[in-house]
2 protein chains.
Amino acid sequence: MTTSRPLRADAVRNRALLLAAAADEFAEHGLDASVADIARRAGIGKGTVFRHFPTKDDLIAAIVLDRIEALGAIGERLLHSEDAGAALLEFLAAAGDQRRQRDLSFLQEAGDALPEVVQARTRMFQTINALVDRAREHGAIRRDITGTDVILLMCAPNYVTSYVPGASPDLWQRYLAIIFDGLRPEGAHTLPQPPPDAL
Amino acid sequence: MTTSRPLRADAVRNRALLLAAAADEFAEHGLDASVADIARRAGIGKGTVFRHFPTKDDLIAAIVLDRIEALGAIGERLLHSEDAGAALLEFLAAAGDQRRQRDLSFLQEAGDALPEVVQARTRMFQTINALVDRAREHGAIRRDITGTDVILLMCAPNYVTSYVPGASPDLWQRYLAIIFDGLRPEGAHTLPQPPPDAL
DNA sequence: TAACAAGTTGACCGCTCGGTCCGTTTATCG
DNA sequence: CGATAAACGGACCGAGCGGTCAACTTGTTA
């Protein structure tokens with residue numbers, strides 16, 4: 001792996017500008033936001049975008065990678081927390097908070113371009129599995145819930161609130177709380193379907 | 001409102017073919033499915049599609065309208081059921097079952113084109129509110145849950161399972177069960193955010 | 001400061017999409 | 001039948017997209 005020459009000063013500034021603008025634009029208009037709009041918002045030319053990221057998917061992947069790694073770090077820190085149940089809930093809250101705005105859905109849709117993303121995602125999924133295992137052992141969540149269940153449900157609060165026009169940006173917390181109550185052992189009913197294979 | 005002339009025989013057949021093909025195509029490829037592909041699948045010309053529906057959104061709206069009315073009818077029937085809690089759960093199961101395949105998200109994204117869709121949706125929302133009110137009065141669900149909460153959460157099971165590649169088509173039932181457990185009174189924790197205004 | 005490589009830019013390309021249009025086909029009915 | 005209007009179909013159009021390129025600008029370095 002050759003590190004080649006260091007980036008020129010204006011190039012690193014433009015790269016940062018570009019990533020910030022792209023994140024904003026994706027947050028507002030979804031993944032369909034056009035590269036031209038992103039470039040305009042960043043105050044740079046369209047060609048420059050493609051010099052930094054050979055394809056639009058690579059740009060998306062770069063942003064997604066950031067998010068995944070940040071969330072993964074939070075998860076690993078919470079792995080050493082005292083209260084395993086609270087740790088899981090806190091992780092889910094961090095996930096919801098990070099994805100406040102429009103979805104970047106880091107599960108499948110995008111990012112399969114870069115293998116780094118797949119790798120980071122796999123790593124984060126393992127962290128979540130560990131978090132869930134601990135919570136289950138501590139009796140904080142019901143026995144029939146797997147890590148994959150939590151991974152899937154993780155995105156739901158932001159999804160359901162994305163349909164509410166003038167909602168509070170924290171509304172997702174309400175649905176996280178409801179769903180988390182569904183994960184608790186108290187008053188749990190047997191589930192009609194087995195859990196899916198790990199992702 | 002003039003009913004004008006009755007439709008020609010081949011026209012009604014093509015219309016049915018078109019609607020079926022469109023539903024299939026949307027189910028497979030999402031709302032981005034192209035009109036050309038739909039026409040090819042239906043075995044008719046692209047121009048014919050636009051003769052039946054002046055715009056792609058109108059085609060979507062027609063399908064969505066069907067679904068909403070079917071689901072609304074189920075809801076109204078369940079309104080007279082004995083067990084109010086079971087009725088709500090059954091309604092949610094019907095909703096999930098109908099939307100098995102890819103989402104047609106009849107909440108916001110599409111269908112605002114036709115005022116009929118808005119009207120049918122409003123009507124169905126009222127039915128859901130009534131269903132939820134009854135379930136709450138019977139103590140089948142917790143007191144702090146509103147009809148709007150249920151409307152939002154209704155879509156979640158299908159959404160979360162849409163990310164699982166080779167999953168069973170019934171996997172959504174697992175997540176409906178989990179979420180519904182979160183709506184039950186037993187072991188409920190207070191919610192951090194107030195419910196959103198009615199849609 | 002001179003010279004070069006790295007970076008920037010916007011016109012441009014090919015493609016796909018939703019939607020239009022008009023020549024052709026066909027169901028309908030006196 | 002034969003006439004007529006309704007329905008059909010696919011070539012066509014303009015807009016917008018992701019991505020390319022060659023001329024131009026600028027940070028860097030000896």
Side-chain angles (χ1 to χ4, degrees), chain A residues 2-26 28-64 102 104 109-114, chain B residues 2-26 28-64 102 104 109-114:
Chain A
T2 57
T3 333
S4 70
R5 294 292 174 77
L7 232 53
R8 232 168 66 174
D10 58 342
V12 313
R13 199 196 59 229
N14 279 341
R15 192 176 199 275
L17 245 40
L18 167 57
L19 281 170
D24 287 350
E25 203 71 16
F26 286 138
E28 280 180 22
H29 304 105
L31 268 340
D32 299 337
S34 79
V35 175
D37 284 345
I38 292 171
R40 198 174 308 121
R41 184 163 189 149
I44 64 179
K46 197 169 76 151
T48 307
V49 175
F50 287 102
R51 159 161 273 265
H52 286 282
F53 301 97
T55 189
K56 185 186 176 181
D57 281 340
D58 287 312
L59 170 57
I60 296 172
I63 296 176
V64 166
R102 197 76 159 257
L104 293 181
E109 289 191 33
D112 289 10
L114 268 65
Chain B
T2 56
T3 332
S4 70
R5 293 293 176 76
L7 233 50
R8 232 170 66 175
D10 58 344
V12 312
R13 198 196 60 228
N14 279 340
R15 193 177 199 275
L17 247 37
L18 167 56
L19 281 171
D24 287 349
E25 202 72 15
F26 286 140
E28 281 180 23
H29 304 105
L31 268 338
D32 299 337
S34 79
V35 175
D37 284 345
I38 292 171
R40 199 173 309 122
R41 184 166 190 147
I44 63 178
K46 199 169 74 152
T48 306
V49 176
F50 287 103
R51 158 162 275 263
H52 285 282
F53 302 98
T55 190
K56 184 186 178 180
D57 282 340
D58 288 313
L59 171 56
I60 295 172
I63 296 176
V64 166
R102 196 78 160 253
L104 293 182
E109 290 190 34
D112 289 11
L114 269 65

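Within every chain, numbering begins at 1; the chains are lettered A, B, ... in the order of the sequence lines, protein sequences first and strands thereafter. Values in this document were obtained by computation on a predicted structure and should not be read as measured data.
Counting to the nearest Å, the P atom of D:dG10 and the CG atom of B:Asp37 are 15 Å from each other. One interatomic measurement links the two molecules: CZ of A:Arg40 to C1' of C:dG10, which rounds to 12 Å at whole-angstrom precision. Protein atom NZ of A:Lys56 is 19 Å distant from nucleotide atom P of C:dC15, rounded to whole Å. Taking atom CG of residue A:Asp32 and atom C1' of nucleotide D:dA15, one finds them 16 Å apart after rounding to whole Å. As rounded to whole Å, 15 Å separates atom P of D:dT20 from atom CZ of A:Phe53. Summarising the geometry, the separation between CG on B:Leu18 and C1' on D:dG9 is reported as 14 Å, rounded to the nearest angstrom. Atom C1' of nucleotide C:dT20 and atom CZ of B:Arg51 are separated by 13 Å, given to the nearest angstrom. In this entry the distance linking CG of A:Leu7 with C1' of C:dA6 reads 9 Å, nearest Å.
A donor-acceptor contact under 3.5 Å is formed by the side chain of B:Lys46 with the base of C:dG19.
Under the 3.5 Å distance criterion, the side-chain polar atoms of A:Ser34 are matched with a main-chain donor or acceptor of A:Asp37.
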Inset, instruction - Could you check A:Ile44 against A:Leu18 for side chain to side chain contact (heavy atoms under 4.5 Å, CB included), going step by step and ending with a plain yes or no? - result: CA-CA 8 Å; A:Ile44 64 179; A:Leu18 167 57; 4.1 Å; yes

Legend entry - Residues A:Val64, A:Phe26; criterion side chain to side chain contact (heavy atoms under 4.5 Å, CB included); working and verdict: CA-CA 11 Å; A:Val64 166; A:Phe26 286 138; over 6 Å; no

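Closest approach of A:Ala21 and A:Ile38 over heavy atoms only: CB-O, 3.9 Å. A pairwise comparison of heavy atoms in B:Leu7 and B:Ala11 identifies CG-CB, 4.0 Å as the closest pair.
Tested against B:Glu25, the residues B:Arg40, B:Arg41, B:Lys56 include a single salt bridge (charged side-chain N to carboxylate O under 4.0 Å, His left out) partner, B:Arg41.
DNA chain D is contacted by B:Arg8, B:Asp10, B:Ala11, B:Asn14 of residues 8-15 of chain B, taking any non-hydrogen atom closer than 4.0 Å.
Base contact: A:Thr48 has a heavy atom under 4.0 Å from a base atom.
In this model, the phosphate group of C:dG7 is not approached by any side-chain N or O of A:His52 to a distance below 4.0 Å at OP1 or OP2. In terms of phosphate contacts, B:Thr55 brings no side-chain nitrogen or oxygen within less than 4.0 Å of OP1 or OP2 of C:dG18.
Residues B:Leu31 and B:Ile60 form a side-chain contact, since some pair of their non-hydrogen atoms from C-beta on lies under 4.5 Å apart.
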